[in-house]
Amino acid sequence: MKKILTLLMLFTLGLTAMAQDQAEIKFDELKHNFGTFSQKNPVQECTFTFTNVGTAPLVINQAIASCGCTVPQYTKAPIAPGQKGTIKVTYNGTGQTPGHIKKGITVRTNGKVEMTRLYIEGDMVEN
């Protein structure tokens, strides 16, 4: 019985120690506004910067845009605690109707908060 109790305590301590080391993503901004841009210059880019404020390496598992006209590119390597990473977002309005745009990018990580949503917006005007 004493062995079982000892094993149970060790297991519980191990789980507690594992739960304490966790990645956590913190973005400098969650939204970017391109402002007004012309159909003549339909490709717009921005970069979202984030920091791993957790105590374990942060891994971005996925970054998916709400539309095929928006493409996110992100840091693939694990981000150590205290280090920064980026997500570059390119919007291509070629062939799109002029007007207000608002697109979402869903970011999934191994962090404390597993999903974060980023937004880009702006107003594309005719030539």
Side-chain angles (χ1 to χ4, degrees):
M1 183 69 164
K2 200 172 196 180
K3 285 183 182 181
I4 292 173
L5 268 168
T6 304
L7 286 173
L8 186 58
M9 282 179 48
L10 287 173
F11 180 73
T12 303
L13 286 172
L15 285 178
T16 303
M18 285 175 26
Q20 290 174 351
D21 284 340
Q22 194 166 18
E24 186 174 351
I25 194 167
K26 182 173 191 276
F27 282 92
D28 293 348
E29 298 179 325
L30 296 176
K31 291 191 276 186
H32 179 82
N33 191 326
F34 294 120
T36 301
F37 60 97
S38 172
Q39 263 185 313
K40 290 180 186 176
N41 187 22
V43 178
Q44 300 291 309
E45 294 180 344
C46 68
T47 301
F48 291 93
T49 302
F50 61 86
T51 305
N52 178 1
V53 296
T55 56
L58 174 74
V59 176
I60 296 180
N61 298 318
Q62 194 176 53
I64 299 176
S66 60
C67 175
C69 59
T70 304
V71 179
Q73 296 173 312
Y74 56 92
T75 305
K76 304 281 195 264
I79 307 299
Q83 297 300 305
K84 293 186 177 284
T86 59
I87 298 177
K88 180 182 172 185
V89 178
T90 303
Y91 169 77
N92 187 344
T94 303
Q96 301 290 326
T97 304
H100 185 75
I101 60 129
K102 185 171 185 176
K103 305 296 178 184
I105 299 94
T106 303
V107 180
R108 296 187 187 278
T109 72
N110 67 328
K112 183 177 179 181
V113 175
E114 294 178 8
M115 186 184 83
T116 304
R117 181 137 312 140
L118 306 173
Y119 294 96
I120 59 168
E121 64 180 310
D123 291 294
M124 185 167 65
V125 295
E126 290 187 49
N127 299 333

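- Summarising the geometry, atom CD belonging to Gln62 is positioned 11.0 Å from atom OG1 belonging to Thr109; distances are rounded to the nearest 0.5 Å.
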Side-chain donor-acceptor pairs of residues 29-50 under 3.5 Å, sequence neighbours excluded:
{"residue": "Asn33", "atom": "OD1", "partner": "Gly35", "partner atom": "N", "Å": "2.6"}
{"residue": "Ser38", "atom": "OG", "partner": "Lys40", "partner atom": "N", "Å": "3.0"}
{"residue": "Gln44", "atom": "NE2", "partner": "Asn41", "partner atom": "O", "Å": "3.0"}

* To do: Show the numbers, then the answer: is there a side-chain contact (heavy atoms from CB on, under 4.5 Å) between Ile105 and Val89?
  => CA-CA 9 Å; Ile105 299 94; Val89 178; 4.0 Å; yes

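- Annotation: side chain of Thr90 is not in contact with side chain of Thr70 (no heavy-atom distance under 4.5 Å).
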* Test side-chain contact (heavy atoms from CB on, under 4.5 Å) on Ile101 and Asp123 and set out the steps. => CA-CA 6 Å; Ile101 60 129; Asp123 291 294; over 6 Å; no

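- Hydrophobic cluster membership is shared by Ile60 and Phe27, with clusters built from Ile, Leu, Val, Met, Phe, Trp and Tyr side chains linked at under 4.5 angstrom.
- Atom SG in Cys67 sits 10.0 Å away from atom CG in Asn92 (nearest 0.5 Å).
- Distance check: Thr75 OG1 to Lys88 NZ gives 12.0 Å after rounding to the nearest 0.5 Å.
- Here the closest heavy-atom approach between residue Lys103 and residue Cys69 is recorded as CE-SG, 3.7 Å.
- At least one donor-acceptor pair closer than 3.5 Å links the side chain of Asn52 to the backbone N or O of Glu24.
- Taking both residues in full, the closest heavy atoms of Pro72 and Ala63 are given as CG-O, 3.3 Å, listed atom of the first, atom of the second, then distance.
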* Let me see the working for Val107 and Tyr74 under side-chain contact (heavy atoms from CB on, under 4.5 Å), right down to the final yes or no. => CA-CA 10 Å; Val107 180; Tyr74 56 92; over 6 Å; no

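- Judged by distance alone, with hydrogens and angles left aside, the side-chain atoms of Thr51 form no donor-acceptor pair with the main-chain N or O of Lys84 at under 3.5 Å.
- You'll find the side chain of Pro78 reaches within 4.5 Å of the side chain of Val59, heavy atoms only.
- Residues Asn110 and Pro57 share a closest heavy-atom pair of ND2-O, 3.1 Å.
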